[in-house]
Amino acid sequence: MRLPAYAPDLNPVEGLWSCLKAVELANLTSLTLAEVIHQAHRGIQRVRRTHTWPLVPTARRPVGLMTHQPDTPTPC
């Protein structure tokens, strides 16, 4: 069985990045990389406090072709 080249539904890190980009890193303009890193760390701490792992609930499903989106999206 072949997996697709890009399978975000099977990668929990994609859920983390999605949450960070939706809140802490959304419209962030910074003069330094240190500020971006600081905001990313804040977001990771927020996700650790408010979410249970894995962030992507579809990762527990059997691997197969998904023809529709899951009914319950992952909230950030």
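Fair warning: this is a prediction, and the values are worked out from it, not measured in the lab.
- Distance check: T50 OG1 to Q45 CD gives 11.0 Å after rounding to the nearest 0.5 Å.
- Under the side-chain contact (heavy atoms from CB on, under 4.5 Å) rule, E35 has a single partner from I37, L31, L33, T32, which is T32.
- Within the structure, salt bridge (charged side-chain N to carboxylate O under 4.0 Å, His left out) pairs that include any residue of residues 24-33 comprise E24-R46 (at least two apart or interchain).
- With a 4.5 Å cut-off on side-chain heavy atoms, V47 and I44 do not count as touching.
- Closest approach of V36 and L25 over heavy atoms only: O-CD2, 4.2 Å.
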